[in-house]
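Notes for the one structure printed next.
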Amino acid sequence: MNFVDLTNDIRALAPGLRGRLEANAQLAPYTWFRVGGPAQMLFTPHDEQDLAHFLAHLPPEVPVTTIGAASNMIVRDGGVPGVVIRLSPKGFGDAVAAGDLVTAGAACLDKKLANAAAAASLGGLEFYYGIPGMVGGALRMNAGTRSNTNPEIEGETRDRFVSARAVKRNGRIVTLTADDMAFTYRHSGAPDDLVFTSAAFRGVPGEEGAIRAKMAKVQEHRERDQETRAKTGGSTFKNPPGHSAWRLIDAAGCRGLTLGGAQVSEKHCNFLLNLGEATAADIEELGEEVRRRVMAQSGVELDWEIKRIGVKA
Ligand SMILES: Cc1cc2nc3c(=O)[nH]c(=O)nc-3n(C[C@H](O)[C@H](O)[C@H](O)COP(=O)(O)OP(=O)(O)OC[C@H]3O[C@@H](n4cnc5c(N)ncnc54)[C@H](O)[C@@H]3O)c2cc1C
């Protein structure tokens with residue numbers, strides 16, 4: 001399916017755009033699941049000012065969706081109406097340490113953030129080494145890890161967060177404090193229309209070798225317990241209060257369950273996989289089937305952690 005091409009209209013409304021604006025741009029190659037339809041318009045801003053200029057001139061009725069590494073996302077098969085904003089590491093990918101702070105662009109990979117902190121002998125950010133997203137996604141999701149076996153490699157975005165910059169839907173650039181971010185488990189209560197552009201995190205001064213040793217443990221834990229090279233979106237459902245999602249899914253007999261080209265991972269059953277030819281509908285329907293079976297078996301309602309964007313085909 002193709003959307004109406006509105007890019008010339010938008011360019012006329014926002015003269016002097018320096019970023020790239022494309023019509024009917026395929027999103028699947030940018031996502032971990034490798035599924036989904038096109039964006040009606042995909043905007044890749046040159047820098048924060050360019051993003052602000054674009055949003056200030058974009059008619060308010062045009063919906064805006066932001067994606068990062070799309071490692072926590074299903075793009076539906078019918079694509080995404082309106083504008084999808086994707087920050088590129090070129091304009092938003094740096095990570096710079098000064099004193100005990102590391103400031104990173106929203107398109108900086110979490111892994112690069114952890115590396116920059118380690119190079120400056122700052123600890124506390126090692127958990128980011130195992131999360132495949134970008135800083136913008138980490139802010140929106142309050143990304144973090146829990147480990148039953150090794151608490152020293154645990155951490156969450158809110159533990160290290162100092163401040164963030166973002167552009168509002170009306171084009172205004174704002175700075176956010178920890179209170180503004182209203183972090184809870186895998187969620188930020190900051191307004192949905194914000195596009196985060198950068199953030200500062202506080203590290204804990206330490207010894208680089210010890211910090212890198214922790215990062216190696218994070219990596220080891222990932223390789224052992226997770227699907228690190230599969231087409232997946234990581235943990236599909238949040239852990240319900242007092243429960244672990246994977247145990248409920250296992251108990252409901254869903255480990256290895258398949259639907260079309262999608263499968264519940266055998267290795268970590270809170271992960272869904274695209275075995276190669278899955279559609280977004282296969283993956284989402286499989287997730288809904290898991291929710292139904294868990295509800296029938298244990299009476300617990302699973303809540304999607306993965307964001308689903310766009311429209312069904
Ligand atoms: C193998 C694997 C392992 C994983 N392990 C973990 C883990 O241990 N812990 C964990 O927390 N997560 C984990 N995840 C999930 C995912 O990596 C995190 O949620 C990550 O923070 C998402 O970042 P992203 O850049 O991919 O965001 P996306 O998936 O692109 O987007 C996620 C949400 O953030 C929003 N968003 C993204 N960028 C911006 C921005 N610049 N401004 C405003 N909103 C934005 C999107 O609109 C969307 O709502 C894993 C995923 C995979 C595939």
Side-chain angles (χ1 to χ4, degrees), residues 28 31-36 69-78 127 130-133 137 140-151 153-156 183-188 218 220-313:
T31 71
W32 266 66
F33 271 123
R34 296 286 191 276
V35 296
S71 63
N72 192 54
M73 188 171 272
I74 297 171
V75 177
R76 293 194 173 112
D77 301 309
F127 67 93
I131 303 178
R140 177 52 70 198
M141 299 306 301
N142 184 24
T145 50
R146 270 198 254 168
S147 159
N148 297 328
T149 48
N150 196 347
I153 58 172
E154 290 186 0
E156 258 189 333
F183 287 122
T184 52
Y185 169 57
R186 298 297 167 266
H187 178 74
S188 160
V218 170
E220 202 182 290
H221 168 77
R222 298 268 144 185
E223 296 284 343
R224 197 186 53 232
D225 296 344
Q226 288 188 3
E227 303 277 359
T228 50
R229 284 169 197 85
K231 294 175 182 146
T232 180
S235 293
T236 311
F237 303 106
K238 297 182 186 184
N239 289 316
H243 296 276
S244 113
W246 78 262
R247 278 187 214 282
L248 293 168
I249 295 168
D250 208 11
C254 297
R255 188 182 287 268
L257 187 69
T258 59
L259 193 156
Q263 185 183 37
V264 176
S265 163
E266 296 271 4
K267 189 170 178 184
H268 186 315
C269 59
N270 194 21
F271 280 34
L272 300 181
L273 308 176
N274 171 4
L275 295 177
E277 302 299 323
T279 59
D282 290 343
I283 299 168
E284 188 170 7
E285 235 337 281
L286 179 60
E288 289 300 333
E289 180 58 23
V290 168
R291 291 182 75 226
R292 278 190 289 274
R293 291 191 186 198
V294 166
M295 174 55 93
Q297 204 273 334
S298 63
V300 179
E301 184 166 25
L302 290 177
D303 186 13
W304 284 88
E305 177 173 326
I306 288 183
K307 305 284 185 188
R308 289 149 301 148
I309 64 168
V311 293
K312 295 186 177 174

What pair of heavy atoms forms the shortest contact from [X] to [Y], and how long is it?
X: Ala280; Y: Ile74; value: CB-CG2, 3.8 Å
X: Ser71; Y: Gly133; value: OG-CA, 3.6 Å
X: Ile306; Y: Gly234; value: CD1-O, 4.3 Å
X: Gln263; Y: Leu275; value: OE1-CD2, 3.4 Å
X: Leu257; Y: Arg293; value: CD1-NH1, 3.5 Å
X: Trp246; Y: Cys269; value: O-SG, 3.3 Å

>> Between Thr232 and Leu273 (side chain of the first, backbone of the second, donor and acceptor by atom type, cut-off under 3.5 Å), is there such a pair?
In response: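 Pair absent, no side-chain N/O of Thr232 close to backbone of Leu273.
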
>> Looking at Ala262, is its backbone amide N or carbonyl O close enough to the side chain of Asn274 to form a donor-acceptor pair, meaning the two atoms are under 3.5 Å apart?
In response: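 Such a contact is absent between Asn274 side chain and Ala262 backbone.
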
[X]: which residues meet the salt bridge (charged side-chain N to carboxylate O under 4.0 Å, His left out) condition with it, sequence neighbours left out?
X: Glu266; result: none
X: Arg222; result: none
X: Arg291; result: Glu288, Glu301

> Can you list the steps and then say if Ile249 with Leu302 is a side-chain contact (heavy atoms from CB on, under 4.5 Å)?
Replying inline: CA-CA 9 Å; Ile249 295 168; Leu302 290 177; 4.0 Å; yes

>> Using a strict threshold of under 4.0 Å (side-chain N to carboxylate O), is an ion pair present between Glu277 and Lys231?
In response: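 Here Lys231 does not pair with Glu277 in a salt bridge, since their nearest N and O are not under 4.0 Å apart.
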
Rounded to the nearest 0.5 Å, what separation is found between the [atom1] atom of [X] and the [atom2] atom of [Y]?
X: Thr279; Y: Asp77; atom1: OG1; atom2: CG; answer: 5.0 Å
X: Asn72; Y: Met141; atom1: CG; atom2: CE; answer: 4.0 Å
X: Lys307; Y: Arg140; atom1: NZ; atom2: CZ; answer: 7.5 Å
X: Thr236; Y: Ile283; atom1: OG1; atom2: CD1; answer: 9.5 Å
X: Asp282; Y: Glu289; atom1: CG; atom2: CD; answer: 13.0 Å

Are any non-hydrogen side-chain atoms of [X] and [Y] less than 4.5 angstrom apart?
X: Ser188; Y: Asn142; answer: no
X: Thr145; Y: Ile131; answer: yes
X: Arg76; Y: Val311; answer: no
X: Ile309; Y: Met73; answer: yes

>> Just to verify, what does Glu223 make a side chain to side chain donor-acceptor pair (under 3.5 Å) with, not counting sequence neighbours?
In response: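 Residues passing side chain to side chain donor-acceptor pair (under 3.5 Å) with Glu223: Gln219, Arg229.
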
> With Lys238, which residues qualify under side chain to side chain contact (heavy atoms under 4.5 Å, CB included), at least two apart?
Replying inline: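 For Lys238, the residues satisfying side chain to side chain contact (heavy atoms under 4.5 Å, CB included) (neighbours in sequence not counted) are Tyr185, Arg186, His187, Asp303, Glu305.
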
> When you look at Phe237 and Leu248, which way does the side-chain contact (heavy atoms from CB on, under 4.5 Å) test go after all the steps?
Replying inline: CA-CA 11 Å; Phe237 303 106; Leu248 293 168; over 6 Å; no

> Which residue pairs pass the salt bridge (Lys or Arg N to Asp or Glu O under 4.0 Å) test with at least one member in residues 251-263, sequence neighbours excluded?
Replying inline: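 Sorted result for residues 251-263: Asp250-Arg255.
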
